[in-house]
Trainee: 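For reference, the structure I am asking about is given below.
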Protein chains: 4
Amino acid sequence: MAEGTWKTAITKIEPNKVAVRGYRIDELMGRISFGEMAYLILKGELPPPAVGKLVDAMLVSSVDHGATPPSALAARTVASGGAPLTTAIAGGIMTINRHHGGAIEECMRVLLALVAFKHEKGYDAITAAREKAAEFKARGIRVSGYGHRVHSDDPRTRRLFELAAEAGVAGEYIEMGQALRQAIKETSGKDLPMNVDGGMAAVLCELGFPPELGNGFFAISRTVGLTAQVYEEITRERPMRRIDPVAHEYDGPPERSLNA
Amino acid sequence: MAEGTWKTAITKIEPNKVAVRGYRIDELMGRISFGEMAYLILKGELPPPAVGKLVDAMLVSSVDHGATPPSALAARTVASGGAPLTTAIAGGIMTINRHHGGAIEECMRVLLALVAFKHEKGYDAITAAREKAAEFKARGIRVSGYGHRVHSDDPRTRRLFELAAEAGVAGEYIEMGQALRQAIKETSGKDLPMNVDGGMAAVLCELGFPPELGNGFFAISRTVGLTAQVYEEITRERPMRRIDPVAHEYDGPPERSLNA
Amino acid sequence: MAEGTWKTAITKIEPNKVAVRGYRIDELMGRISFGEMAYLILKGELPPPAVGKLVDAMLVSSVDHGATPPSALAARTVASGGAPLTTAIAGGIMTINRHHGGAIEECMRVLLALVAFKHEKGYDAITAAREKAAEFKARGIRVSGYGHRVHSDDPRTRRLFELAAEAGVAGEYIEMGQALRQAIKETSGKDLPMNVDGGMAAVLCELGFPPELGNGFFAISRTVGLTAQVYEEITRERPMRRIDPVAHEYDGPPERSLNA
Amino acid sequence: MAEGTWKTAITKIEPNKVAVRGYRIDELMGRISFGEMAYLILKGELPPPAVGKLVDAMLVSSVDHGATPPSALAARTVASGGAPLTTAIAGGIMTINRHHGGAIEECMRVLLALVAFKHEKGYDAITAAREKAAEFKARGIRVSGYGHRVHSDDPRTRRLFELAAEAGVAGEYIEMGQALRQAIKETSGKDLPMNVDGGMAAVLCELGFPPELGNGFFAISRTVGLTAQVYEEITRERPMRRIDPVAHEYDGPPERSLNA
């Protein structure tokens, strides 16, 4: 063993026992949601129930965005060559990178920097945001997490912030996210609401996750949608078809509501 | 558009509206768990709450199995070359295939065939299982989903079946799974309890999922563990190290309980 | 070391010495072509020079097929999300599977079976091919490696067979490939020349490669084209664009000749 | 077609004609080596024959480095889960990144910068190298492409430079590579010969390739070795084994020579 024994703090395996961060999985099953499990394994501790619910909501929010995003198209294209389900899902996940989902990490870095700047200067949020927004404008920087090519006001972001408030974790990062929207509007004249990437970024900052995990959360969530996309491709389409990224139509169930 | 417009029944995208299988995501957020969302997007309908809880438990059960499975080692190895987080996660997911996780799909096919055989012959479960177990033995076939190289009796499987009973979906597939264990024991003298793959297989059959999605559920669950494994590799180890698949030690939190 | 030392017969590494199948790489450099190296590492022995030239020609033949094949589209799509060059190339390579490139392996299996059948029955090639073509027709089987959606008579196949003849390795597999074309024509009325996959299949059979390596050769060849496709995507297009699989135009150098 | 027709300058496809950078593939087959084809498709023009031979040598040089590099281990690990050949090869290729192969690109950037600096200052190579080596030392920067954990003097690099000289392309980048070795030795007391990554870097600079393609060349070359590694894993080992990265032994042909 040239390099000695290495250490891992995630999961302990013993005969008839699998324990994640100290908790036996069979004890957790049926008692915590998958979102709580994701929080536990990535952060090392179980979240309070309301935070667990927020994590579930965050994972629900990005589960799928139809057949247009490059991850869905890559996954379907890999499947159309005849690759197994998991290879095609992997093809989708590796497409999530700097330009696709990467806005979460970038926006987290901006919010972390702005909140640090606010403390350093003793400013309030809007003052810090205005100073930085002017600087971004001068340097031609477009802040990730604001605006969307399809949605002018993303209802998923609003819902995330409501749930964060209910969980008692709506703090200075969400405040700064909203201050920056206001400052960008004043500076550029454009009202760009936070998109779902920006919303996830602010919530992940509130929960103390590092920016490097931004695309991890997106990948965890989107794996479900990619599985559905690949399975539909395999069962509904012929192999080797030319997959038009735009010319597709939704023919699933009509709009319906939980309250119906 | 050489090949005309194609159809998808998964997600409808309109400005300020994203609806999965007809339900607006922002309405679902905070009201359903991630497991319920996985059920909805893969099956087309929302599950009853107890079934949703069962799906969450199934996803929790396979979230991670330490650093030894090939998916964890592949993901860590890809990361050690310097690839981004999502590329490394993808490297792990594509490792889930016939020999790794594939037991779920194979066991589903066996259970589906045995239950069909039972109906065809008008047998009860144990009679059908005995006839097939003898046939498997004669043909030298080892049934997937039974026995484990580490665990002699996997507590995760027992817990899955309890939760299936609570949800009112413990039916003829779980019964057949247990009958087959009994029949294998009589035929071969070996008592091989269902492992977690076999447990997931029986539950997925009860819920009406197709065998092709067996590794899909495993991949959805394991993506979380792979994210933790890759993140630990990146933050805790040096690049290009030689990753010994056996010589590692757990140094995380000691065993603890939800009840403590 | 739970499982003892394992063995590999490919490459020996010692300080200042790297030897592939016994030959030091630095001795091989400048003295053999890359095609000869591929033959050496995959088969264990160096080919005669004319066979090496044939392998180079085979690798040249499938280097790229424009932007339409799913491997090129998957690679470009992965790149458009911001993944690194090698991740995007990998996305293309994993798309090469049963339906894309897989015809090489399938056609190899058919040719191997037909030549075995010919020997078993003491037939000549055309008699064996006719009997099997009738059987394929009766069972509704479409033989891989014949016909093409774009090319009615692929000049690459003809050239491969010429070079195989020059190398003295045009034997019973190429003969059978051509007999089967004739038999299919008689049986179905359709004249389907062997496409480049069929051509590679026949040549790989002549060279004694196993069918399992069919897509290996295709992947080796196509990696070059995928590198060019990904590099063009990164340098010429904007991220996250919607890549139409059909609506593209060639704007490279006009047709030219080595003889010009 | 929302975004109009896009352009590609790589390959033109017409019925019975496939032309790469203007040359019909069937005309090229048997007349150029695979290395010349790689040069043509990546650079747009055919190289002079001696340069083609140099490219073949470069691709031969990095074809495999045994079972220890992370790309070989990742590819074997993916295969051991049961994935198809091409999925496992892809798993290896995506492992080639910043820390694995990435030295080529990094060393190209250093050589390009040093040669530019030399011209800017009107220095000779060794003067420029000394000034920069001192700066690197002061800033604690370790230059990529020098030294190796196994090889103290890599014979592949020496051979590459000989072939570059024969091809008449050994110019100021190879000169600078050697000057920098000398300067590092004077500055740090350590004699670190250029490794094969550094050698490829200098040659790729001489040939006018951009640094972004450094890992492209490495991936093209290594795909062959990865195919051999995966095929050996599939045919020689049992699935799901624990692949020790160190405890393996070479049992292939003993050392032999082209001249024997």
Side-chain angles (χ1 to χ4, degrees), chain C residues 1 3 5-13 16 19-22 25-26 28-30 33-35 37-38 41-42 56-57 59-61 63-64 66-67 85-87 89-90 93-94 96 151 153 155-156 159 163 215-216 219-220 223-224 227-228 242 244 247-253 255-256, chain D residues 1 3 5-13 15-16 20-22 25-26 28-30 33-35 37-38 41-42 56-57 59-61 63-64 66-67 85-87 89-90 93-94 96 151 153 155-156 159 163 215-216 219-220 223-224 227-228 242 247-253 255-256 258:
Chain C
M1 232 81 64
E3 310 196 14
T5 296
W6 55 282
K7 304 281 199 282
T8 174
I10 301 170
T11 301
K12 186 174 187 182
I13 308 291
N16 303 329
V20 168
R21 305 287 188 189
I25 284 185
D26 58 301
L28 298 175
M29 288 165 65
S33 73
F34 191 62
M37 178 46 114
I41 201 168
L42 292 171
D56 266 277
L59 294 178
V60 164
S61 75
V63 79
D64 196 59
L85 185 79
T86 48
T87 302
I89 295 170
I93 286 172
M94 72 179 64
I96 296 170
H151 310 299
D153 193 4
R156 294 171 298 176
R159 188 72 184 116
L163 290 162
N215 260 341
I220 291 166
T223 299
V224 173
T227 304
R242 290 167 180 177
D244 192 292
H248 43 76
E249 256 174 34
Y250 175 75
D251 68 348
E255 193 167 332
R256 47 188 173 166
Chain D
M1 231 82 61
E3 310 196 15
T5 295
W6 55 282
K7 304 281 200 279
T8 174
I10 302 169
T11 301
K12 184 174 188 182
I13 308 292
N16 304 329
V20 168
R21 304 290 186 187
I25 284 186
D26 58 300
L28 298 175
M29 288 165 66
S33 72
F34 190 62
M37 177 47 113
I41 200 168
L42 291 171
D56 267 277
L59 294 179
V60 163
S61 75
V63 80
D64 196 59
L85 185 79
T86 47
T87 303
I89 296 170
I93 287 171
M94 72 179 63
I96 296 168
H151 310 299
D153 192 4
R156 297 172 296 178
R159 188 71 183 116
L163 291 162
N215 260 342
I220 291 167
T223 299
V224 173
T227 304
R242 289 164 180 180
H248 44 76
E249 255 174 36
Y250 175 74
D251 69 347
E255 193 167 332
R256 47 186 172 168
L258 286 177

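Remember, predicted model here, so these are calculated numbers, not experimental data.
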Trainee: For a 4.5 angstrom cut-off between non-hydrogen side-chain atoms, does D:Lys12 reach C:Glu255?
Mentor: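 A side-chain contact is absent here, since even the closest heavy-atom pair is not under 4.5 Å.
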Trainee: If you count heavy-atom pairs within less than 4.5 Å of chain C, which of D:Asp251, D:Asp56, D:Thr227, D:Val63 leads?
Mentor: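 Sorted descending by pairs with chain C, the first entry is D:Asp251.
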Trainee: Measure the shortest side-chain to side-chain distance between D:Arg156 and C:Met29 over non-hydrogen atoms and say whether it is less than 4.5 angstrom.
Mentor: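 Yes, side chains in contact.
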Trainee: Counting heavy-atom pairs closer than 4.5 Å to chain D, which one of C:Leu59, C:Thr87, C:Leu28 comes out on top?
Mentor: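 Going by pairs under 4.5 Å, I would pick C:Leu59.
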Trainee: For D:Ala57 and C:Gly30, which heavy atoms make the closest approach, and how far apart are they?
Mentor: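 That would be CB-N, 3.7 Å.
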Trainee: C:Gly216, C:Ser61, C:Ala219: which one forms the most heavy-atom pairs within less than 4.5 Å of chain D?
Mentor: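 Heavy-atom pair counts peak at C:Ser61.
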Trainee: Can you find a heavy atom in the side chain of C:Met94 that is under 4.5 Å from one in the side chain of D:Met94?
Mentor: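 Side-chain contact under 4.5 Å: yes.
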Trainee: Give the member of D:Ile10, D:Val20, D:Ile93, D:Val224 that has the highest number of heavy-atom pairs under 4.5 Å with chain C.
Mentor: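 The option with the most such pairs is D:Ile10.
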Trainee: Return the minimal non-hydrogen interatomic distance between D:Ala9 and C:Pro253, and the atom names on each side.
Mentor: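 Heavy atoms only, the tightest pair is O-CD, 4.2 Å.
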Trainee: Identify the heavy atoms of D:Ala67 and C:Trp6 that sit nearest to each other, and give their distance.
Mentor: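 So the two residues come closest at CB-CH2, 3.5 Å.
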Trainee: Does the side chain of C:Thr11 pick up a donor-acceptor pair with the side chain of D:Asp64 at under 3.5 Å?
Mentor: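 Side-chain D/A pair, C:Thr11 to D:Asp64: present.
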Trainee: Please look at D:Leu163 and chain C and tell me whether the side chain, the backbone, both or neither of the residue comes under 4.5 angstrom of a heavy atom of that chain.
Mentor: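 Interface part for D:Leu163: side chain.
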Trainee: Would you say that C:His151 contacts D:Ile13 through its side chain, given a criterion of any heavy-atom pair below 4.5 Å between the two side chains?
Mentor: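 C:His151 reaches D:Ile13 side chain to side chain.
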Trainee: Distance check, rounded to the nearest 0.5 Å: D:Ile89 atom CD1 versus C:Asn215 atom CG?
Mentor: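 So the CD1 of D:Ile89 and the CG of C:Asn215 are separated by 8.5 Å.
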Trainee: Against chain D, label C:Leu85 side chain, backbone, both or neither, depending on which of its atoms sit under 4.5 Å from a heavy atom there.
Mentor: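 Interface part for C:Leu85: side chain.
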